[in-house]
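Note: hydrogens, waters and symmetry copies are ignored here, and every other heavy atom, side chains too, is used. Sequence lines set the chain letters: A, B, ... in the order given, protein chains first and strands last, and positions in each chain run from 1.
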2 protein chains.
Amino acid sequence: MTAAGRLPRVNSSPAWDPAREIVVEPARPEPLYAQVARQLQAAIEDGRLPAGTRLANEIDLAAGLRLSRPTVRQAIQTLVNQGLLVRKRGVGTQVVRTKVARPLRLSSLFDDLAGLGGTPGSAVLVNRLEPAGPDAAARLECPGLGEVRRLRRIRTVDGEPLAVMNNYLPPDLPAPADEELRGHGLYQLLRTAGVRLHSAQQSIGARLATPEDADLLGEQPGAALLTMARTTYDETGRVVEYGWHVYRASRYSFNLSLTNGPA
Amino acid sequence: MTAAGRLPRVNSSPAWDPAREIVVEPARPEPLYAQVARQLQAAIEDGRLPAGTRLANEIDLAAGLRLSRPTVRQAIQTLVNQGLLVRKRGVGTQVVRTKVARPLRLSSLFDDLAGLGGTPGSAVLVNRLEPAGPDAAARLECPGLGEVRRLRRIRTVDGEPLAVMNNYLPPDLPAPADEELRGHGLYQLLRTAGVRLHSAQQSIGARLATPEDADLLGEQPGAALLTMARTTYDETGRVVEYGWHVYRASRYSFNLSLTNGPA
DNA sequence: GAGTGGTCTAGACCACAGT
DNA sequence: CTGTGGTCTAGACCACTCT
(Lines give C-alpha, C1' and ligand atoms only; values in the text may rest on other atoms or scores of the structure.)
Protein backbone atom coordinates (compact mmCIF):
# COMPACT_ATOMS: atom_id res chain seq x y z
CA MET A 1 0.00 0.00 0.00
CA THR A 2 1.42 3.31 -1.02
CA ALA A 3 1.12 6.52 0.85
CA ALA A 4 -1.19 7.74 -1.85
CA GLY A 5 -3.72 5.04 -1.14
CA ARG A 6 -4.31 6.02 2.44
CA LEU A 7 -7.81 6.46 3.66
CA PRO A 8 -9.77 9.63 3.78
CA ARG A 9 -10.75 10.41 7.31
CA VAL A 10 -14.45 9.82 7.48
CA ASN A 11 -16.50 12.21 9.51
CA SER A 12 -19.16 10.44 11.43
CA SER A 13 -22.58 11.78 10.54
CA PRO A 14 -23.31 14.99 12.35
CA ALA A 15 -26.78 16.06 13.31
CA TRP A 16 -27.97 16.49 9.77
CA ASP A 17 -31.19 14.62 9.32
CA PRO A 18 -32.10 14.30 5.66
CA ALA A 19 -35.66 13.38 6.54
CA ARG A 20 -36.03 16.71 8.28
CA GLU A 21 -34.05 18.87 5.89
CA ILE A 22 -35.29 17.51 2.58
CA VAL A 23 -38.93 17.72 1.64
CA VAL A 24 -40.32 16.05 -1.44
CA GLU A 25 -43.65 17.02 -2.85
CA PRO A 26 -44.99 14.43 -5.27
CA ALA A 27 -47.54 16.94 -6.53
CA ARG A 28 -44.92 19.21 -8.02
CA PRO A 29 -44.04 18.79 -11.68
CA GLU A 30 -40.36 18.42 -10.78
CA PRO A 31 -39.38 14.74 -10.59
CA LEU A 32 -38.81 13.41 -7.10
CA TYR A 33 -35.19 12.47 -7.73
CA ALA A 34 -34.54 15.99 -9.02
CA GLN A 35 -36.09 17.52 -5.92
CA VAL A 36 -33.81 15.42 -3.76
CA ALA A 37 -30.73 16.17 -5.86
CA ARG A 38 -31.44 19.89 -5.88
CA GLN A 39 -31.85 20.09 -2.12
CA LEU A 40 -28.80 17.94 -1.49
CA GLN A 41 -26.76 20.13 -3.79
CA ALA A 42 -28.00 23.25 -2.02
CA ALA A 43 -27.06 21.75 1.35
CA ILE A 44 -23.57 20.97 0.08
CA GLU A 45 -23.04 24.35 -1.48
CA ASP A 46 -24.17 26.42 1.46
CA GLY A 47 -22.13 24.38 3.90
CA ARG A 48 -24.86 22.52 5.78
CA LEU A 49 -23.18 19.38 4.44
CA PRO A 50 -19.46 20.16 4.74
CA ALA A 51 -16.81 18.49 2.63
CA GLY A 52 -16.08 15.00 3.84
CA THR A 53 -19.46 14.39 5.44
CA ARG A 54 -20.71 10.87 4.99
CA LEU A 55 -24.30 10.50 3.88
CA ALA A 56 -26.66 7.94 5.38
CA ASN A 57 -26.84 4.80 3.32
CA GLU A 58 -29.27 4.55 0.45
CA ILE A 59 -31.74 2.32 2.23
CA ASP A 60 -32.09 4.56 5.25
CA LEU A 61 -32.19 7.64 3.07
CA ALA A 62 -35.00 6.15 1.03
CA ALA A 63 -36.94 5.15 4.12
CA GLY A 64 -36.49 8.56 5.70
CA LEU A 65 -37.73 10.31 2.60
CA ARG A 66 -40.46 7.74 1.96
CA LEU A 67 -39.07 7.07 -1.48
CA SER A 68 -37.84 3.91 -3.12
CA ARG A 69 -34.17 3.15 -3.19
CA PRO A 70 -33.79 3.51 -6.99
CA THR A 71 -35.24 7.00 -6.80
CA VAL A 72 -32.81 8.06 -4.11
CA ARG A 73 -30.02 6.40 -6.06
CA GLN A 74 -30.90 8.40 -9.13
CA ALA A 75 -30.70 11.60 -7.12
CA ILE A 76 -27.31 10.67 -5.72
CA GLN A 77 -26.08 9.61 -9.13
CA THR A 78 -26.68 13.02 -10.66
CA LEU A 79 -24.55 14.59 -7.93
CA VAL A 80 -21.85 11.98 -8.40
CA ASN A 81 -21.83 12.81 -12.10
CA GLN A 82 -21.36 16.44 -11.19
CA GLY A 83 -18.45 15.52 -9.00
CA LEU A 84 -20.11 16.69 -5.79
CA LEU A 85 -20.34 13.27 -4.16
CA VAL A 86 -18.11 10.22 -4.19
CA ARG A 87 -19.46 6.71 -3.74
CA LYS A 88 -17.39 3.71 -2.73
CA ARG A 89 -18.80 0.24 -2.55
CA GLY A 90 -18.61 -1.18 0.90
CA VAL A 91 -17.86 2.23 2.37
CA GLY A 92 -20.50 4.81 1.71
CA THR A 93 -21.17 8.14 0.07
CA GLN A 94 -19.20 11.23 0.98
CA VAL A 95 -19.28 14.89 0.07
CA VAL A 96 -16.23 15.55 -2.05
CA ARG A 97 -13.49 17.52 -0.32
CA THR A 98 -12.81 19.79 -3.26
CA LYS A 99 -14.20 23.12 -4.14
CA VAL A 100 -16.85 22.25 -6.64
CA ALA A 101 -15.74 21.57 -10.17
CA ARG A 102 -18.69 22.44 -12.32
CA PRO A 103 -18.82 20.16 -15.32
CA LEU A 104 -17.73 21.68 -18.58
CA ARG A 105 -20.76 22.72 -20.59
CA LEU A 106 -21.49 24.33 -23.85
CA SER A 107 -21.22 28.00 -23.13
CA SER A 108 -20.55 31.07 -25.13
CA LEU A 109 -18.04 33.66 -24.13
CA PHE A 110 -20.81 36.07 -23.29
CA ASP A 111 -22.37 33.70 -20.80
CA ASP A 112 -18.98 33.11 -19.20
CA LEU A 113 -18.26 36.78 -18.87
CA ALA A 114 -21.70 37.58 -17.56
CA GLY A 115 -20.88 35.36 -14.58
CA LEU A 116 -17.83 37.42 -13.71
CA GLY A 117 -17.32 41.07 -12.97
CA GLY A 118 -17.57 43.77 -15.58
CA THR A 119 -20.23 44.62 -18.10
CA PRO A 120 -20.01 42.61 -21.30
CA GLY A 121 -21.14 44.12 -24.54
CA SER A 122 -20.35 43.76 -28.18
CA ALA A 123 -20.08 45.73 -31.39
CA VAL A 124 -21.38 44.14 -34.56
CA LEU A 125 -19.06 44.74 -37.52
CA VAL A 126 -20.65 42.31 -39.98
CA ASN A 127 -24.05 40.57 -39.93
CA ARG A 128 -25.22 39.59 -43.40
CA LEU A 129 -25.86 36.78 -45.81
CA GLU A 130 -23.00 36.21 -48.20
CA PRO A 131 -22.35 33.82 -51.04
CA ALA A 132 -20.81 30.74 -49.51
CA GLY A 133 -17.29 30.08 -50.62
CA PRO A 134 -16.03 26.51 -50.61
CA ASP A 135 -14.39 27.17 -47.27
CA ALA A 136 -17.58 28.28 -45.56
CA ALA A 137 -19.53 25.36 -47.03
CA ALA A 138 -16.88 22.94 -45.78
CA ARG A 139 -16.88 24.48 -42.31
CA LEU A 140 -20.62 24.04 -42.06
CA GLU A 141 -20.29 20.53 -43.53
CA CYS A 142 -22.85 21.47 -46.13
CA PRO A 143 -21.36 21.04 -49.61
CA GLY A 144 -23.17 23.01 -52.29
CA LEU A 145 -24.47 25.53 -49.79
CA GLY A 146 -25.48 28.72 -51.59
CA GLU A 147 -25.31 31.35 -48.88
CA VAL A 148 -24.08 31.66 -45.34
CA ARG A 149 -24.71 34.20 -42.64
CA ARG A 150 -21.48 35.80 -41.59
CA LEU A 151 -20.97 37.52 -38.26
CA ARG A 152 -18.02 39.54 -37.10
CA ARG A 153 -18.18 41.07 -33.67
CA ILE A 154 -15.92 42.65 -31.12
CA ARG A 155 -16.58 41.59 -27.57
CA THR A 156 -15.91 44.16 -24.89
CA VAL A 157 -15.86 44.23 -21.12
CA ASP A 158 -16.44 47.60 -19.52
CA GLY A 159 -15.84 49.11 -22.94
CA GLU A 160 -12.39 47.54 -23.37
CA PRO A 161 -12.02 45.26 -26.42
CA LEU A 162 -11.43 41.65 -25.48
CA ALA A 163 -11.94 39.50 -28.53
CA VAL A 164 -12.75 39.48 -32.21
CA MET A 165 -15.32 36.83 -33.04
CA ASN A 166 -16.05 35.51 -36.53
CA ASN A 167 -18.92 33.13 -37.20
CA TYR A 168 -20.62 31.32 -40.02
CA LEU A 169 -24.25 30.29 -39.53
CA PRO A 170 -26.51 28.25 -41.83
CA PRO A 171 -28.71 30.59 -43.88
CA ASP A 172 -31.99 29.02 -42.78
CA LEU A 173 -31.64 30.07 -39.17
CA PRO A 174 -33.68 33.12 -38.20
CA ALA A 175 -31.54 36.21 -38.66
CA PRO A 176 -30.31 37.61 -35.36
CA ALA A 177 -30.77 41.36 -35.12
CA ASP A 178 -27.71 43.47 -34.39
CA GLU A 179 -29.46 44.69 -31.30
CA GLU A 180 -29.92 41.16 -29.97
CA LEU A 181 -26.28 40.37 -30.65
CA ARG A 182 -25.16 43.36 -28.64
CA GLY A 183 -26.77 42.15 -25.46
CA HIS A 184 -26.81 38.36 -25.67
CA GLY A 185 -24.45 35.48 -26.34
CA LEU A 186 -24.77 33.68 -29.64
CA TYR A 187 -25.58 30.41 -27.92
CA GLN A 188 -28.33 32.06 -25.96
CA LEU A 189 -29.86 33.42 -29.16
CA LEU A 190 -29.62 30.04 -30.85
CA ARG A 191 -31.33 28.36 -27.93
CA THR A 192 -34.08 30.95 -27.96
CA ALA A 193 -34.55 30.28 -31.66
CA GLY A 194 -35.30 26.65 -30.80
CA VAL A 195 -31.92 25.16 -31.68
CA ARG A 196 -31.04 22.34 -29.33
CA LEU A 197 -27.29 22.42 -28.99
CA HIS A 198 -25.70 19.05 -28.52
CA SER A 199 -21.93 19.10 -28.81
CA ALA A 200 -18.98 21.10 -30.02
CA GLN A 201 -15.41 20.55 -31.10
CA GLN A 202 -12.98 23.25 -30.04
CA SER A 203 -9.37 23.90 -30.78
CA ILE A 204 -7.43 26.38 -28.68
CA GLY A 205 -4.11 27.79 -29.83
CA ALA A 206 -2.01 30.93 -29.80
CA ARG A 207 -0.43 33.28 -32.30
CA LEU A 208 0.98 36.77 -32.57
CA ALA A 209 -1.18 39.79 -33.31
CA THR A 210 -1.22 41.02 -36.91
CA PRO A 211 -1.52 44.76 -37.47
CA GLU A 212 -5.24 44.28 -38.14
CA ASP A 213 -5.72 42.31 -34.90
CA ALA A 214 -3.79 44.94 -33.02
CA ASP A 215 -5.93 47.71 -34.41
CA LEU A 216 -9.20 46.02 -33.53
CA LEU A 217 -8.13 44.90 -30.07
CA GLY A 218 -6.03 47.81 -28.94
CA GLU A 219 -2.86 45.74 -28.69
CA GLN A 220 0.56 46.10 -30.25
CA PRO A 221 1.36 44.05 -33.35
CA GLY A 222 3.25 40.98 -32.17
CA ALA A 223 1.34 40.76 -28.90
CA ALA A 224 0.26 37.30 -27.75
CA LEU A 225 -3.26 36.26 -28.74
CA LEU A 226 -5.34 33.23 -27.80
CA THR A 227 -7.23 31.65 -30.68
CA MET A 228 -10.24 29.39 -30.54
CA ALA A 229 -11.95 27.66 -33.44
CA ARG A 230 -15.18 25.86 -32.80
CA THR A 231 -17.77 23.78 -34.64
CA THR A 232 -21.11 23.37 -32.89
CA TYR A 233 -23.65 20.64 -33.67
CA ASP A 234 -27.32 20.30 -32.80
CA GLU A 235 -29.01 17.09 -31.80
CA THR A 236 -29.56 16.02 -35.38
CA GLY A 237 -25.87 16.30 -36.16
CA ARG A 238 -26.22 19.42 -38.23
CA VAL A 239 -23.57 22.12 -37.89
CA VAL A 240 -25.30 25.15 -36.44
CA GLU A 241 -22.27 27.37 -36.07
CA TYR A 242 -18.64 27.62 -37.00
CA GLY A 243 -16.56 30.28 -35.31
CA TRP A 244 -12.96 31.41 -35.11
CA HIS A 245 -12.15 33.89 -32.41
CA VAL A 246 -9.07 35.71 -31.18
CA TYR A 247 -8.66 36.92 -27.61
CA ARG A 248 -6.20 39.29 -26.01
CA ALA A 249 -4.02 36.98 -23.95
CA SER A 250 -3.25 39.89 -21.64
CA ARG A 251 -6.88 40.05 -20.58
CA TYR A 252 -8.42 36.62 -21.04
CA SER A 253 -7.75 32.95 -20.44
CA PHE A 254 -9.88 29.85 -20.71
CA ASN A 255 -10.81 28.23 -17.43
CA LEU A 256 -11.90 24.63 -17.49
CA SER A 257 -13.07 22.22 -14.85
CA LEU A 258 -12.60 18.57 -15.68
CA THR A 259 -14.17 15.69 -13.83
CA ASN A 260 -13.56 12.02 -14.17
CA GLY A 261 -17.22 11.19 -14.52
CA PRO A 262 -18.31 7.61 -15.05
CA ALA A 263 -18.95 6.26 -18.54
CA MET B 1 -42.12 27.15 -35.68
CA THR B 2 -38.76 28.38 -36.78
CA ALA B 3 -36.64 26.85 -39.47
CA ALA B 4 -34.28 25.69 -36.78
CA GLY B 5 -36.96 23.57 -35.17
CA ARG B 6 -37.61 21.41 -38.16
CA LEU B 7 -37.60 17.68 -37.76
CA PRO B 8 -34.74 15.37 -38.28
CA ARG B 9 -35.53 12.90 -40.99
CA VAL B 10 -35.91 9.60 -39.24
CA ASN B 11 -34.54 6.56 -40.95
CA SER B 12 -36.85 3.62 -40.61
CA SER B 13 -35.06 0.76 -38.92
CA PRO B 14 -32.91 -1.17 -41.37
CA ALA B 15 -32.17 -4.85 -41.07
CA TRP B 16 -30.18 -4.53 -37.88
CA ASP B 17 -31.51 -6.91 -35.33
CA PRO B 18 -30.15 -6.18 -31.87
CA ALA B 19 -31.21 -9.59 -30.64
CA ARG B 20 -28.98 -11.16 -33.23
CA GLU B 21 -26.06 -8.73 -33.09
CA ILE B 22 -25.80 -8.27 -29.34
CA VAL B 23 -25.03 -11.16 -27.07
CA VAL B 24 -25.14 -10.87 -23.31
CA GLU B 25 -23.47 -13.45 -21.11
CA PRO B 26 -24.68 -13.23 -17.52
CA ALA B 27 -21.76 -15.41 -16.46
CA ARG B 28 -19.17 -12.78 -17.37
CA PRO B 29 -17.99 -10.41 -14.65
CA GLU B 30 -18.88 -7.41 -16.84
CA PRO B 31 -22.31 -6.05 -15.89
CA LEU B 32 -25.07 -6.76 -18.38
CA TYR B 33 -25.77 -3.11 -19.08
CA ALA B 34 -22.09 -2.55 -19.77
CA GLN B 35 -22.01 -5.45 -22.21
CA VAL B 36 -24.95 -3.97 -24.08
CA ALA B 37 -23.49 -0.47 -24.06
CA ARG B 38 -20.12 -1.68 -25.26
CA GLN B 39 -21.56 -3.63 -28.18
CA LEU B 40 -23.90 -0.82 -29.14
CA GLN B 41 -21.00 1.60 -29.10
CA ALA B 42 -18.93 -0.72 -31.26
CA ALA B 43 -21.79 -1.05 -33.75
CA ILE B 44 -22.10 2.72 -33.95
CA GLU B 45 -18.40 3.33 -34.32
CA ASP B 46 -17.77 0.75 -37.02
CA GLY B 47 -20.77 1.88 -39.06
CA ARG B 48 -23.15 -1.05 -38.56
CA LEU B 49 -25.45 1.50 -36.92
CA PRO B 50 -25.05 4.57 -39.14
CA ALA B 51 -25.75 8.10 -37.95
CA GLY B 52 -29.46 8.80 -37.80
CA THR B 53 -30.54 5.21 -37.31
CA ARG B 54 -33.44 4.84 -34.96
CA LEU B 55 -33.14 2.13 -32.33
CA ALA B 56 -35.99 -0.19 -31.43
CA ASN B 57 -37.90 1.02 -28.42
CA GLU B 58 -36.76 0.07 -24.96
CA ILE B 59 -39.45 -2.54 -24.37
CA ASP B 60 -38.74 -4.45 -27.56
CA LEU B 61 -35.02 -4.12 -27.03
CA ALA B 62 -35.33 -5.56 -23.56
CA ALA B 63 -37.51 -8.42 -24.77
CA GLY B 64 -35.14 -9.20 -27.64
CA LEU B 65 -32.14 -9.32 -25.32
CA ARG B 66 -34.07 -11.09 -22.57
CA LEU B 67 -33.22 -8.32 -20.14
CA SER B 68 -35.39 -6.04 -18.06
CA ARG B 69 -36.20 -2.59 -19.32
CA PRO B 70 -34.23 -0.74 -16.59
CA THR B 71 -31.11 -2.67 -17.54
CA VAL B 72 -31.46 -1.76 -21.20
CA ARG B 73 -32.21 1.80 -20.19
CA GLN B 74 -29.02 1.95 -18.17
CA ALA B 75 -27.04 0.80 -21.19
CA ILE B 76 -28.64 3.42 -23.42
CA GLN B 77 -28.15 6.09 -20.78
CA THR B 78 -24.40 5.65 -20.71
CA LEU B 79 -24.27 6.17 -24.47
CA VAL B 80 -26.54 9.20 -24.22
CA ASN B 81 -24.18 10.62 -21.63
CA GLN B 82 -21.33 10.10 -24.05
CA GLY B 83 -23.27 11.93 -26.72
CA LEU B 84 -23.53 8.92 -29.02
CA LEU B 85 -27.31 8.59 -28.80
CA VAL B 86 -30.13 11.08 -28.51
CA ARG B 87 -33.41 10.25 -26.81
CA LYS B 88 -36.63 12.16 -27.30
CA ARG B 89 -39.76 11.40 -25.37
CA GLY B 90 -42.55 10.36 -27.64
CA VAL B 91 -40.17 9.91 -30.55
CA GLY B 92 -37.46 7.39 -29.91
CA THR B 93 -33.73 6.92 -29.69
CA GLN B 94 -31.43 7.80 -32.56
CA VAL B 95 -27.76 7.51 -33.32
CA VAL B 96 -26.39 11.01 -33.25
CA ARG B 97 -25.53 12.42 -36.66
CA THR B 98 -22.23 13.88 -35.56
CA LYS B 99 -18.80 12.43 -35.66
CA VAL B 100 -18.38 11.28 -32.14
CA ALA B 101 -17.45 13.84 -29.53
CA ARG B 102 -15.63 11.94 -26.84
CA PRO B 103 -16.30 13.49 -23.49
CA LEU B 104 -13.52 15.51 -22.01
CA ARG B 105 -11.59 13.48 -19.50
CA LEU B 106 -8.65 13.92 -17.24
CA SER B 107 -5.69 13.22 -19.46
CA SER B 108 -2.07 14.11 -19.47
CA LEU B 109 -0.33 15.53 -22.46
CA PHE B 110 1.56 12.30 -22.92
CA ASP B 111 -1.62 10.27 -23.19
CA ASP B 112 -3.00 12.72 -25.72
CA LEU B 113 0.07 12.62 -27.85
CA ALA B 114 0.35 8.86 -27.70
CA GLY B 115 -2.99 8.69 -29.48
CA LEU B 116 -1.67 10.74 -32.40
CA GLY B 117 1.21 10.30 -34.76
CA GLY B 118 4.81 10.71 -33.75
CA THR B 119 6.81 9.23 -30.92
CA PRO B 120 6.46 11.09 -27.66
CA GLY B 121 9.31 11.20 -25.21
CA SER B 122 10.59 13.47 -22.53
CA ALA B 123 13.76 14.72 -20.93
CA VAL B 124 13.82 15.14 -17.17
CA LEU B 125 15.59 18.34 -16.13
CA VAL B 126 14.59 18.35 -12.46
CA ASN B 127 13.17 15.60 -10.25
CA ARG B 128 13.88 16.18 -6.59
CA LEU B 129 12.50 17.08 -3.20
CA GLU B 130 12.94 20.73 -2.37
CA PRO B 131 12.06 22.90 0.60
CA ALA B 132 8.55 24.13 0.00
CA GLY B 133 8.30 27.85 -0.46
CA PRO B 134 5.07 29.57 0.50
CA ASP B 135 4.06 29.53 -3.17
CA ALA B 136 4.43 25.78 -3.55
CA ALA B 137 2.56 25.15 -0.31
CA ALA B 138 -0.25 27.41 -1.46
CA ARG B 139 -0.46 25.70 -4.82
CA LEU B 140 -0.80 22.33 -3.16
CA GLU B 141 -3.28 23.84 -0.70
CA CYS B 142 -1.16 22.47 2.13
CA PRO B 143 -0.02 25.33 4.37
CA GLY B 144 3.01 24.50 6.46
CA LEU B 145 4.20 21.87 4.04
CA GLY B 146 7.89 21.19 4.56
CA GLU B 147 9.01 19.77 1.26
CA VAL B 148 7.64 19.34 -2.22
CA ARG B 149 8.74 17.22 -5.13
CA ARG B 150 9.54 19.39 -8.08
CA LEU B 151 9.56 18.18 -11.66
CA ARG B 152 10.72 19.98 -14.75
CA ARG B 153 10.55 18.13 -18.02
CA ILE B 154 10.74 18.84 -21.72
CA ARG B 155 8.21 16.93 -23.77
CA THR B 156 9.28 16.00 -27.27
CA VAL B 157 7.65 14.43 -30.31
CA ASP B 158 9.97 12.70 -32.72
CA GLY B 159 12.81 14.41 -30.94
CA GLU B 160 11.45 17.94 -31.46
CA PRO B 161 10.78 19.91 -28.28
CA LEU B 162 7.12 20.65 -27.78
CA ALA B 163 6.58 21.82 -24.23
CA VAL B 164 8.26 22.65 -20.94
CA MET B 165 6.37 21.15 -18.03
CA ASN B 166 6.78 22.18 -14.39
CA ASN B 167 5.08 20.30 -11.58
CA TYR B 168 4.79 20.26 -7.82
CA LEU B 169 3.83 16.99 -6.14
CA PRO B 170 3.14 16.29 -2.46
CA PRO B 171 6.23 14.78 -0.83
CA ASP B 172 4.48 11.63 0.41
CA LEU B 173 3.78 10.27 -3.04
CA PRO B 174 6.15 7.54 -4.17
CA ALA B 175 9.03 9.12 -6.07
CA PRO B 176 8.74 8.60 -9.82
CA ALA B 177 11.98 7.46 -11.39
CA ASP B 178 13.41 9.53 -14.22
CA GLU B 179 13.18 6.47 -16.39
CA GLU B 180 9.46 6.10 -15.75
CA LEU B 181 8.89 9.77 -16.50
CA ARG B 182 10.63 9.42 -19.83
CA GLY B 183 8.17 6.85 -21.11
CA HIS B 184 4.89 7.56 -19.34
CA GLY B 185 2.53 10.40 -18.66
CA LEU B 186 2.42 11.80 -15.15
CA TYR B 187 -1.25 10.92 -14.77
CA GLN B 188 -0.54 7.36 -15.77
CA LEU B 189 2.18 7.11 -13.14
CA LEU B 190 -0.08 8.61 -10.50
CA ARG B 191 -2.83 6.14 -11.30
CA THR B 192 -0.38 3.27 -11.14
CA ALA B 193 0.71 4.51 -7.74
CA GLY B 194 -2.85 4.10 -6.54
CA VAL B 195 -3.97 7.72 -6.75
CA ARG B 196 -7.59 8.01 -7.81
CA LEU B 197 -7.82 11.20 -9.80
CA HIS B 198 -11.12 12.98 -9.46
CA SER B 199 -11.11 16.45 -10.96
CA ALA B 200 -8.89 19.25 -12.16
CA GLN B 201 -9.04 22.97 -12.68
CA GLN B 202 -7.22 24.24 -15.75
CA SER B 203 -6.46 27.67 -17.06
CA ILE B 204 -5.26 28.11 -20.63
CA GLY B 205 -3.62 31.31 -21.79
CA ALA B 206 -0.94 32.65 -24.06
CA ARG B 207 2.21 34.72 -23.80
CA LEU B 208 5.40 35.51 -25.67
CA ALA B 209 8.53 33.39 -25.38
CA THR B 210 11.25 34.65 -23.06
CA PRO B 211 14.85 33.99 -24.06
CA GLU B 212 14.87 31.04 -21.66
CA ASP B 213 11.69 29.59 -23.16
CA ALA B 214 13.10 30.07 -26.62
CA ASP B 215 16.30 28.28 -25.72
CA LEU B 216 14.53 25.27 -24.23
CA LEU B 217 11.93 24.96 -26.97
CA GLY B 218 13.92 25.89 -30.05
CA GLU B 219 11.81 28.95 -30.79
CA GLN B 220 12.70 32.61 -31.23
CA PRO B 221 12.24 34.96 -28.30
CA GLY B 222 8.89 36.67 -28.78
CA ALA B 223 7.29 33.62 -30.42
CA ALA B 224 3.73 32.75 -29.38
CA LEU B 225 3.39 30.21 -26.59
CA LEU B 226 0.38 28.47 -25.13
CA THR B 227 0.32 28.24 -21.34
CA MET B 228 -1.61 25.88 -19.16
CA ALA B 229 -1.79 25.84 -15.37
CA ARG B 230 -3.54 23.01 -13.66
CA THR B 231 -4.48 21.81 -10.20
CA THR B 232 -5.49 18.17 -9.89
CA TYR B 233 -7.48 16.68 -7.00
CA ASP B 234 -8.03 13.10 -5.90
CA GLU B 235 -11.27 11.71 -4.58
CA THR B 236 -10.56 12.87 -1.05
CA GLY B 237 -10.13 16.45 -2.22
CA ARG B 238 -6.39 16.50 -1.72
CA VAL B 239 -4.25 18.28 -4.32
CA VAL B 240 -2.11 15.62 -5.96
CA GLU B 241 -0.44 17.79 -8.56
CA TYR B 242 0.05 21.39 -9.55
CA GLY B 243 1.58 22.08 -12.92
CA TRP B 244 2.35 25.02 -15.17
CA HIS B 245 3.30 24.19 -18.72
CA VAL B 246 4.23 26.14 -21.83
CA TYR B 247 3.73 24.81 -25.34
CA ARG B 248 5.02 25.92 -28.70
CA ALA B 249 1.94 27.40 -30.34
CA SER B 250 3.46 26.64 -33.72
CA ARG B 251 3.27 22.95 -33.02
CA TYR B 252 0.50 22.33 -30.51
CA SER B 253 -3.08 23.28 -29.74
CA PHE B 254 -5.64 22.00 -27.27
CA ASN B 255 -8.52 20.07 -28.76
CA LEU B 256 -11.66 19.74 -26.70
CA SER B 257 -14.95 18.01 -27.26
CA LEU B 258 -17.85 19.39 -25.28
CA THR B 259 -21.19 17.69 -24.84
CA ASN B 260 -24.35 19.01 -23.33
CA GLY B 261 -24.76 16.02 -21.07
CA PRO B 262 -27.66 15.83 -18.65
CA ALA B 263 -27.20 16.80 -15.01
C1' DG C 1 -55.23 7.30 -30.19
C1' DA C 2 -50.91 4.95 -30.44
C1' DG C 3 -46.25 4.78 -29.37
C1' DT C 4 -42.35 6.56 -27.13
C1' DG C 5 -39.24 7.67 -23.33
C1' DG C 6 -39.52 9.50 -18.18
C1' DT C 7 -40.43 8.28 -13.66
C1' DC C 8 -41.32 5.30 -9.76
C1' DT C 9 -41.98 1.17 -6.84
C1' DA C 10 -40.66 -3.04 -3.96
C1' DG C 11 -38.39 -6.19 -3.81
C1' DA C 12 -33.79 -9.46 -4.74
C1' DC C 13 -28.96 -11.01 -4.90
C1' DC C 14 -24.05 -9.92 -5.41
C1' DA C 15 -19.24 -7.79 -4.73
C1' DC C 16 -16.46 -5.33 -2.00
C1' DA C 17 -14.57 -2.91 2.33
C1' DG C 18 -13.89 -2.92 6.94
C1' DT C 19 -14.30 -5.40 11.46
C1' DC D 1 -18.93 -11.15 10.00
C1' DT D 2 -21.71 -6.72 8.89
C1' DG D 3 -22.74 -2.89 6.07
C1' DT D 4 -22.25 -0.61 1.90
C1' DG D 5 -23.05 0.42 -2.91
C1' DG D 6 -23.67 -2.24 -7.62
C1' DT D 7 -26.72 -4.70 -10.33
C1' DC D 8 -31.05 -6.64 -11.84
C1' DT D 9 -36.02 -7.78 -12.21
C1' DA D 10 -41.16 -7.15 -13.34
C1' DG D 11 -44.15 -4.67 -13.16
C1' DA D 12 -46.86 0.37 -13.09
C1' DC D 13 -48.38 5.00 -14.47
C1' DC D 14 -47.38 9.44 -16.62
C1' DA D 15 -45.95 13.06 -20.23
C1' DC D 16 -44.87 13.96 -24.52
C1' DT D 17 -44.94 13.61 -29.86
C1' DC D 18 -46.92 12.52 -33.89
C1' DT D 19 -50.72 10.92 -36.75
Exercise. Salt bridge between A:Glu30 and A:Arg38, side-chain N to carboxylate O under 4.0 Å?
Worked result: yes
Exercise. Where along nucleotides 4-10 of chain C does protein come under 4.0 Å, by heavy atom, of base (B) or sugar-phosphate alone (S), with - for untouched nucleotides?
Worked result: BBBBSBB
Exercise. How large an angle, rounded to 10°, do the end axes of the helix from C:dG1-D:dC18 to C:dG18-D:dC1 enclose when each is built from five base pairs?
Worked result: 20°
Seminar exercise, completed: To the nearest angstrom, the CG-P distance between A:Leu61 and D:dG3 comes to 17 Å
Exercise. Once you round to the nearest 0.5 Å, how far does CD of B:Glu58 lie from CG of B:Leu67?
Worked result: 12.5 Å
For this session: Could you tell me whether the side chain of A:Leu256 reaches within less than 4.5 Å of the side chain of B:Leu256, counting heavy atoms only?
Result: yes
Problem set entry | A:Asn127 side chain to A:Arg150 backbone, donor-acceptor under 3.5 Å | no
For this session: Inspect the contact between B:Arg238 and B:Asp172 and indicate whether a charged nitrogen and a carboxylate oxygen are less than 4.0 angstrom apart.
Result: yes
For this session: Check the distance between D:dG5's P and A:Asn81's CG and give it to me in whole angstrom.
Result: 16 Å
Exercise. With distance as the sole criterion, is a donor-acceptor pair present between the side chains of A:Tyr233 and A:Glu141 under 3.5 Å?
Worked result: yes
For this session: Indicate whether any N or O donor in one side chain lies under 3.5 Å from an N or O acceptor in the other, for B:Glu45 and B:Gln41.
Result: yes
For this session: Look at B:Arg191 together with B:Asp234 and state whether they make a salt bridge at an N to O cut-off of under 4.0 Å.
Result: no
